[in-house]
Amino acid sequence: MNVYAPIILCFVPFVTMFALFKILVPGFSAIKGLVASLAGLLALIPITIVQFAVPGMRLFGRSGAISIILYSIVFLGLVEECFKALLLFIVGAKEEKLSHWFCYSLLAGLIFGSFESVIYFLLDMQNIGHGVTLNLIYLRMITAVLIHTLCAGLGGFTVYYCKNLRWNVWPLLNAVLIHGLYDYFVSFDTNVKFFCAIVILSAAIKCRVCYMQILEETRSKKSAKRTIIDPNKTVEMPKTPAIIIPVNNTVRESVDAEDVADEDSVDFDQIEREAKSQLKAAKKAAAKKTAAKKTESKTKKRAAPSASKKTASKSSAKTKTAAKPKTGATKTASKTKTAAAKKPAKATKPATPSKPKKGAASKKPASKSKGKK
């Protein structure tokens with residue numbers, strides 16, 4: 001028997017699903033799909049360590065139906081689904097579209113189930129003939145891939161809840177319960193094992209219900225953020241002019257709930273961006289006006305003292321020019337007065353009488369005396 005053909009067959013669902021997502025889902029990122037697949041592969045490491053290191057058989061045993069159910073739910077379902085959900089956090093579900101995130105989660109579970117199918121196939125091939133048949137091997141290969149894929153989708157919903165909406169672990173708990181019930185029914189060698197098909201169908205229905213619930217919550221969250229604005233009213237801002245914000249009141253209806261939510265969100269984001277741009281433009285215009293007013297006041301203040309200084313300097317110059325000729329006239333008048341005063345002083349200066357000579361003085365009285373006689 002060729003062993004490689006069933007091993008290759010285990011990975012065919014993963015390759016085909018990846019190609020279908022890339023072709024049919026618009027906006028699907030192949031890089032994030034590969035990262036999610038890598039996260040699903042990395043989940044195998046801690047799961048195998050825990051399942052081989054912890055003796056689950058001794059804790060729960062396999063003697064009764066209740067112990068088998070507890071072993072399947074707690075030891076198998078809880079460990080595997082929790083590690084798969086934890087490693088999905090590295091992909092990044094913040095502000096991711098729900099349809100894309102669901103595809104990434106399914107790919108992580110699909111590649112995990114493919115590798116687990118290979119492991120169980122190799123283990124069962126060693127025990128073939130000892131209660132293990134080829135039909136049982138192929139049944140486990142097909143159903144294990146399906147249950148791991150759907151349960152990983154439910155765990156991905158929990159990650160999406162925690163990143164975008166609120167803390168909600170119910171999808172993960174449903175995945176743990178469904179996975180445990182699947183392992184419980186598959187462990188039987190009788191026709192009871194076919195009840196695993198009902199478990200897989202319930203997992204698919206639960207994925208659909210959770211998907212629609214998350215869509216409804218995202219729509220309600222976006223509508224709660226949206227504020228009703230009257231187009232005739234204005235939004236007033238301090239120290240800025242009022243701005244009229246137009247509102248698009250028409251809402252297009254669509255059959256797909258996700259398309260409706262996306263369209264509503266796009267319209268609201270566009271309105272919000274327009275409002276923000278208008279507010280920014282108004283702020284800039286107000287800032288420019290206030291800056292212009294400040295510069296005008298500064299220039300006026302600077303111009304007023306300079307003008308007063310100029311007028312004062314002009315008046316002082318005029319007074320100086322008016323005073324200069326007066327001083328010149330006074331100088332000339334004083335010069336003329338001093339000159340006139342000096343000239344008559346020289347003219348009217350009395351002559352100093354000459355001293356009479358001794359001989360003449362003596363002669364005159366003598367003559368007089370002679371006449372008298």
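Numbering of residues begins at 1 and proceeds along the displayed sequence. We use all heavy atoms of the structure for the numbers below, so side chains are in, but hydrogens, waters and symmetry mates are not.
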Is the shortest side-chain heavy-atom distance between [X] and [Y] below 4.5 Å?
X: Val12; Y: Thr16; value: yes
X: Met17; Y: Leu106; value: no
X: Val145; Y: Cys10; value: no
X: Ser202; Y: Lys206; value: no
X: Leu98; Y: Leu215; value: yes
X: Lys193; Y: Val186; value: no
X: Ile147; Y: Ile178; value: yes
X: Val118; Y: Phe11; value: yes

Between Ser99 and the options Phe21, Tyr211, Phe28, the side chain to side chain contact (heavy atoms under 4.5 Å, CB included) test singles out Tyr211
Looking at every heavy atom in both [X] and [Y], which two are closest together, and how far apart are they?
X: Gly27; Y: His100; result: O-CE1, 3.2 Å
X: Ser37; Y: Leu107; result: OG-CB, 4.0 Å
X: Val25; Y: Cys103; result: CG2-SG, 4.0 Å
X: Ala85; Y: Val159; result: O-CG2, 3.4 Å
X: Ser117; Y: Ala144; result: OG-CB, 4.1 Å
X: Phe75; Y: Val54; result: CZ-O, 3.5 Å

Is there a path of hydrophobic side-chain contacts, each under 4.5 Å between heavy atoms, that joins [X] and [Y]?
X: Ile47; Y: Leu44; result: yes
X: Phe89; Y: Leu42; result: no
X: Leu154; Y: Val209; result: no
X: Leu172; Y: Val91; result: no
X: Phe185; Y: Tyr71; result: yes

Sorted by chain and number, sequence neighbours left out, salt bridge (charged side-chain N to carboxylate O under 4.0 Å, His left out) with Glu116 holds for none
How about Phe195 and Phe188: are their ring centres within less than 6.0 Å of each other? no
Phe102/Phe157 aromatic ring centres below 6.0 Å: yes
Using the side-chain hydrogen bond (donor to acceptor under 3.5 Å, both in side chains) rule, collect all pairs that involve residues 164-180, keeping only residues at least two apart or in two chains. Glu80-His179, Glu81-His179, Arg166-Glu217, His179-Asp183
Taking atom [atom1] of [X] and atom [atom2] of [Y], what is their separation to the nearest 0.5 Å?
X: Leu78; Y: Leu70; atom1: CG; atom2: CG; answer: 12.0 Å
X: Gln213; Y: Thr218; atom1: CD; atom2: OG1; answer: 11.0 Å
X: Ile205; Y: Cys210; atom1: CD1; atom2: SG; answer: 12.0 Å
X: Thr143; Y: Phe194; atom1: OG1; atom2: CZ; answer: 10.5 Å
X: Cys162; Y: Lys94; atom1: SG; atom2: NZ; answer: 11.0 Å
X: Cys151; Y: Ile200; atom1: SG; atom2: CD1; answer: 9.0 Å

Count the heavy atoms belonging to other residues, nucleotides or ligands that lie under 6.0 Å from CD1 of Ile66, then report whether that count exceeds 12. no
Would the distance check show the side chain of Tyr160 and the main-chain N or O of Ile214 forming a donor-acceptor pair, the cut-off being under 3.5 Å? no
Given 3.5 Å as the limit, does a donor-acceptor pair link the side chain of Ser72 with the main chain of Leu181, or not? no
Between Glu96 and Lys163, does the salt bridge (Lys or Arg N to Asp or Glu O under 4.0 Å) criterion hold? Intermediate values first, please. CA-CA 9 Å; Glu96 187 71 39; Lys163 287 286 187 179; over 6 Å; no
Does the plane of the ring in Trp101 sit parallel, tilted or perpendicular to the ring in Tyr104? Use 30° and 60° as the thresholds. perpendicular
Exactly one of Tyr182, Phe112, Phe115 should register a ring-ring contact (aromatic ring centres under 6.0 Å, His included) with His148. Which one does? Phe112
